[in-house]
Amino acid sequence: MNLILLGPPGAGKGTQAKWLEDHYGILQLSTGDMLRSEVASGSELGEQAKEVMEMGGLVSDELILNMIFSRMKHSNYKSGCILDGFPRTTPQAEALDKMLVENDIKIDHVIEMRVDDEAMVERITGRYTCSECGMGYHDSFKKPKVEEVCDNCGGIEFVRRADDNTETVRSRLSNYHEQTEPIISYYGDKGILRSVDGMQAIDEVTKQLKRVIG
Ligand code: ADP
Ligand code: ADP
Ligand code: ZN
């Protein structure tokens, strides 16, 4: 099964993708995570993306497409994947379609996570992740069960993203409305679009996803 999760920064894509991975045995492919590891490794690709990411802009379609397609063709993803953070522009959605046809891959569901912009500011500024396993947390909405210890791996180091601050959130949200939102109707026209109410609590959103996917 192949899924696309659509929604602005903070909508809960990464959080739900982790649950979907465990539940359906498919792997998350996050272009944001891939870019951050390129930046961390100091690769040429990372160098090209770093500044744009820090300012809350979008990395060029060409760079993203090369990066994601080479990964999607890897055998690890044959049983399916959850695309998180991709596609983000109409050219990316069109290029994805072309690649899917050429490789005989089908997208089963495109799921839009509907949320209010105002709530996203608090979600983004309170977000942090376990440095060891990447599990996501929130200062108010998802604290580890034991303070400062990761539920998933027992890790005790956590990181915050350089771009998760009030200054960049606004431009990331406006990029979403301008560049990404148009692809919602693109998938609506294809009849594979579903939506969930992302303003509900994390567990409730998970339940809705389960209902939508079946
Ligand atoms: P995205 O991948 O869409 O940018 P995340 O899954 O990283 O979003 O979620 C952003 C932040 O909000 C994280 O700190 C996460 O723990 C928290 N969060 C995710 N879903 C919810 C929810 N339904 N209600 C409250 N907080 C949430
Ligand atoms: P969020 O869901 O919080 O917006 P991501 O982790 O998906 O964050 O992306 C972080 C940053 O990486 C984006 O702000 C953008 O600069 C870049 N990025 C990620 N995916 C794409 C994409 N498909 N196209 C262009 N830029 C991207
Ligand atoms: Zn962990």
Side-chain angles (χ1 to χ4, degrees), residues 4-20 28-39 46 48-68 82-93 95-96 111-116 119-144 148-165 168-169 171-176 179-180 183 196-209:
I4 296 178
L5 292 182
L6 282 179
K13 304 180 296 296
T15 303
Q16 300 298 336
K18 290 273 181 267
W19 180 86
L20 293 165
Q28 174 195 26
L29 269 177
S30 154
T31 43
D33 286 347
M34 289 170 164
L35 289 168
R36 280 184 289 280
S37 64
E38 294 289 344
V39 171
Q48 286 170 311
K50 190 169 187 266
E51 210 171 309
V52 182
M53 290 173 75
E54 274 172 7
M55 288 178 354
L58 287 183
V59 174
S60 78
D61 290 335
E62 193 194 352
L63 196 154
I64 294 288
L65 293 169
N66 288 333
M67 183 181 76
I68 185 90
I82 308 149
L83 292 176
D84 162 5
F86 173 84
R88 238 176 170 100
T89 63
T90 304
Q92 288 182 17
L96 173 64
I111 305 168
E112 181 202 2
M113 307 185 65
R114 291 174 173 266
V115 288
D116 302 334
M120 296 307 102
V121 179
E122 191 182 1
R123 283 205 196 165
I124 296 285
T125 51
R127 163 161 69 185
Y128 62 96
T129 21
C130 170
S131 330
E132 196 68 38
C133 72
M135 178 64 101
Y137 294 96
H138 191 280
D139 292 328
S140 314
F141 309 131
K142 193 185 175 222
K143 297 180 186 169
E148 291 175 36
V149 180
C150 174
D151 297 346
N152 188 47
C153 76
I156 52 164
E157 280 190 36
F158 298 89
V159 279
R160 288 179 194 261
R161 279 167 47 178
D163 59 340
D164 277 351
N165 53 63
T168 60
V169 173
S171 67
R172 287 158 63 197
L173 287 169
S174 81
N175 284 338
Y176 178 80
Q179 313 231 50
T180 310
I183 69 179
V196 295
D197 177 5
M199 291 307 292
Q200 303 297 313
I202 295 175
D203 290 352
E204 187 50 43
V205 179
T206 304
K207 278 188 203 150
Q208 288 182 50
L209 282 171

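Order of listing sets the numbers, starting from 1, for every ligand and every atom in it.
- If you check which protein heavy atom lies closest to atom 27 (C) of ligand 2, you get I64 CD1, 3.8 Å.
- Taking CG of L20 as the reference point, atom NZ of K13 lies at 13.0 Å (rounded to 0.5 Å).
- Atom 7 (O) of ligand 1 has as its closest protein heavy atom R127 NH1, 2.6 Å.
- Of the protein's non-hydrogen atoms, G12 N, 3.2 Å is the one closest to atom 8 (O) of ligand 1.
- Listed by number with element, the atoms of ligand 1 under 4.0 Å from a non-hydrogen atom of P9 are 4 (O).
- Taking the charged nitrogens against the carboxylate oxygens, D139 and R160 do have a contact shorter than 4.0 Å, which makes a salt bridge.
- Relative ring orientation between Y137 and F158 is described as perpendicular, the plane-to-plane angle rising above 60° on a 0-90° scale split at 30° and 60°.
- Not one N or O of S30 is nearer than 3.5 Å to an N or O of ligand 2, by distance alone.
- Using a distance-only test at 3.5 Å, with no hydrogens or angles considered, a donor-acceptor pair links the side chain of R123 to the main chain of A11.
- By the criterion of a heavy-atom distance under 4.0 Å, neither the backbone nor the side chain of E204 is placed next to ligand 1.
- With a 4.0 Å cut-off on non-hydrogen atoms, M67 does not touch ligand 2 at all.
- The protein heavy atom nearest to atom 23 (N) of ligand 1 is Q200 O, 2.8 Å.
- When every heavy atom of R36 is checked against every heavy atom of R161, the shortest pair comes out as NH1-CZ, 3.1 Å.
- For the pair N152/C130, no side-chain contact is recorded, criterion being any heavy-atom separation below 4.5 Å from C-beta on.
- Close approach of ligand 2 to R36 (heavy-atom distance below 4.0 Å) involves ligand atoms 6 (O), 10 (C).
- Contacts between R161 and ligand 2 below 4.0 angstrom, taking non-hydrogen atoms only, involve the side chain exclusively.
- Contact check for R88 versus D61: no side-chain heavy atoms found under the 4.5 Å cut-off.
- The single protein non-hydrogen atom nearest to atom 9 (O) of ligand 2 is R88 NH2, 3.5 Å, given as residue, atom name and distance.
- Interface of L58 with ligand 2, defined as ligand atoms under 4.0 Å from a residue heavy atom, comprises 25 (C), 26 (N).
- Distances between N or O atoms of D33 and those of ligand 2 include no value under 3.5 Å.
- S131 has its side chain within reach of V159: a pair of non-hydrogen atoms, C-beta onward, lies under 4.5 Å apart.
- Numbered from 1 in the order shown, with element, the atoms of ligand 1 that lie under 4.0 Å from a heavy atom of A201 read 23 (N).
- Taking atom 2 (O) of ligand 2 as the reference point, the nearest protein heavy-atom neighbour is K13 NZ, 3.1 Å.
- With ligand atoms numbered from 1 in the order given, ligand 1 contributes 13 (C), 14 (O), 16 (O) to contacts under 4.0 Å with heavy atoms of Y137.
- Contact annotation for A17 and ligand 1: no heavy atom of the residue comes within less than 4.0 Å of the ligand.
- At under 3.5 Å, not a single nitrogen or oxygen of D164, backbone or side chain, sits near a nitrogen or oxygen of ligand 2.
- Of the protein's non-hydrogen atoms, the one nearest atom 24 (N) of ligand 2 is Q92 NE2, 2.9 Å.
- The shortest side-chain heavy-atom distance between K18 and Q28 falls under the 4.5 Å cut-off.
- Looking at every heavy atom in both residues, T168 comes nearest to E54 through CG2-O, 3.2 Å.
- Backbone and side-chain nitrogen or oxygen atoms of Q16 are examined, and none is located within less than 3.5 angstrom of a nitrogen or oxygen of ligand 1.
- At under 3.5 Å, not a single nitrogen or oxygen of K142, backbone or side chain, sits near a nitrogen or oxygen of ligand 1.
- A donor-acceptor pair under 3.5 Å is absent between the side-chain atoms of E132 and the main chain of G154, judged by distance alone.
- The nearest protein atom to atom 21 (C) of ligand 1, hydrogens excluded, is given as I202 CG1, 3.3 Å; this is a heavy-atom distance.
- Of all heavy-atom pairs spanning Y128 and K143, the tightest one is OH-CA, 4.4 Å.
- Every atom of ligand 1 is numbered from 1 in the order shown, and the set under 4.0 Å from a heavy atom of F141 is 25 (C), 26 (N).
- Between E51, M120, R123, M53, it is M53 that holds the heavy atom closest to atom 11 (C) of ligand 2.
- Taking each heavy atom of Y176 and P9 in turn, the nearest pair found is CB-CD, 4.4 Å.
- Nearest to atom 20 (N) of ligand 2 among the protein's heavy atoms is T31 OG1, 2.8 Å.
- Not one N or O of V205 is nearer than 3.5 Å to an N or O of ligand 1, by distance alone.
- Using a 4.0 Å heavy-atom cutoff, G57 is listed among the residues neighbouring ligand 2.
- Within the 4.0 Å heavy-atom cutoff, G198 counts among the residues contacting ligand 1.
- With a 4.0 Å heavy-atom cut-off, ligand 2 is reached by the backbone of V59 and by its side chain too.
- Considering every non-hydrogen atom in both N175 and G57, the closest pair reads ND2-CA, 3.6 Å.
- Among all protein heavy atoms, the one lying closest to atom 18 (N) of ligand 2 is L35 CD1, 3.4 Å.
- Looking at heavy atoms from C-beta onward, T31 lies out of side-chain contact with V59 at the 4.5 angstrom threshold.
- The shortest side-chain heavy-atom distance between M120 and R172 does not fall under the 4.5 Å cut-off.
- Between I124 and ligand 1, not a single N/O pair is under 3.5 Å apart.
- Within ligand 1, the atoms closer than 4.0 Å to a non-hydrogen atom of G10 are 1 (P), 3 (O), 4 (O), 8 (O), 10 (C), numbered from 1 in the order shown.
- Annotation for P87 and L96: closest pair CD-CD2, 4.0 Å, computed over non-hydrogen atoms.
- Here the options are I4, L5, I64, the test is side-chain contact (heavy atoms from CB on, under 4.5 Å), and the partner is F86; only I64 passes.
- Distances from atom 15 (C) of ligand 1 to the heavy atoms of L6, V196, T15 show the closest one on T15.
- Atom OG1 of residue T129 and atom CE of residue M135 lie 11.0 Å apart, to the nearest 0.5 angstrom.
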